[in-house]
Amino acid sequence: MKLHEGEAPMFKNLEVFKISHAMAVHAGQKQAVAAQNVANSDTPDYKARDLASFADSYSSNMSGRGAPGQLATRSRHLHGAGDGRVAEPMIDESAIASPNGNTVSLEGEMLKSLDAKRQHDRALAIYKSSLGILRTAMRRS
């Protein structure tokens with residue numbers, strides 16, 4: 001595709017790539033929260049945490065940035081994304097406490113981890129499919 005002087009590229013800001021990136025980042029954050037819960041499964045009075053669904057976190061944070069979560073103030077923040085955004089884990093209120101006050105269910109964390117893997121795989125599939133469509137469109141123009 002040859003550009004003339006002053007002409008902008010046709011495929012400059014494709015939202016599908018931003019969304020698939022945000023979905024993959026959210027899946028990684030969800031996996032990290034599940035891993036923290038498992039690591040604290042024997043800690044007395046530890047409350048299991050979870051993230052809001054990707055759809056909820058993405059739609060509630062569409063204030064022009066297009067990425068879920070809160071702004072990290074330092075690059076080394078836990079779960080820091082490449083764009084400086086992090087999702088905020090919340091306490092899972094639906095969890096049932098064990099006698100020591102811990103609310104982590106290993107079976108539940110395994111399911112959350114599997115869900116995060118599926119979400120990440122879905123994000124990669126969307127990205128690859130969109131990239132294939134873009135390449136096809138570029139060859140035809």
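- In terms of heavy-atom proximity, Ser41 sits nearest to Val104 at CB-CG1, 3.9 Å.
- Residues Gln119 and Ala27 come closest through the heavy atom pair NE2-N, 3.4 Å.
- Expressed to the nearest 0.5 Å, how far OG of Ser98 lies from CG of Asp42 amounts to 9.0 Å.
- For the atom pair NZ of Lys128 and CD1 of Ile133, the computed distance is 14.5 Å after rounding to the nearest 0.5 Å.
- Side-chain contact between Phe54 and Val25: absent, with no pair of heavy atoms (C-beta onward) separated by less than 4.5 Å.
- Between Ile91 and Lys47 the shortest heavy-atom distance is CG2-CB, 3.7 Å.
- Legend: salt bridge (charged side-chain N to carboxylate O under 4.0 Å, His left out) pairs involving residues 89-102, not counting sequence neighbours, sorted by first then second residue: Asp92-Lys112.
- Asn40 places a side-chain N or O within donor-acceptor distance of the main-chain N or O of Gln36, the cut-off being under 3.5 Å.
- At distances below 3.5 Å, not a single donor-acceptor pair connects side-chain atoms of His26 with backbone N or O atoms of Ala55.
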Asn100 vs Tyr46, test: side chain to side chain contact (heavy atoms under 4.5 Å, CB included). Steps then yes/no. CA-CA 9 Å; Asn100 72 354; Tyr46 180 82; over 6 Å; no
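- Atom CG in Leu14 sits 10.5 Å away from atom CD1 in Ile19 (nearest 0.5 Å).
- To the nearest 0.5 Å, the span separating CD on Gln31 from CG on Leu114 amounts to 9.0 Å.
- A 4.5 Å side-chain heavy-atom check between Lys18 and Glu15 finds at least one atom pair inside the cut-off.
- Placement of Leu134 and Val16 within a single hydrophobic cluster is found when ILVMFWY residues are connected by side-chain heavy-atom separations under 4.5 Å, directly or transitively.
- Not counting sequence neighbours, the partners of Asp121 by the side-chain contact (heavy atoms from CB on, under 4.5 Å) test are Lys117.
- Nearest approach of Lys30 to Asp115, heavy atoms of both residues: CE-OD2, 3.6 Å.
- Heavy-atom minimum distance, Ala123 versus Ala24: CB-N, 3.7 Å.
- Between the side chain of Ser129 and the backbone N or O of Ile126, no donor-acceptor pair lies under 3.5 Å.
- Here the straight-line distance linking atom CG of Leu131 with atom CE of Met138 works out to 11.0 Å at 0.5 Å rounding.
- A single hydrophobic cluster is not seen to contain both Val33 and Val38; linkage of ILVMFWY side chains at heavy-atom distances under 4.5 Å, directly or through other members, places them apart.
- Summarising the geometry, atom CZ belonging to Arg118 is positioned 11.0 Å from atom OG belonging to Ser113; distances are rounded to the nearest 0.5 Å.
- By the 6.0 Å contact criterion, OH on Tyr127 is open, its count of non-hydrogen atoms from other residues, nucleotides or ligands being 12 or less.
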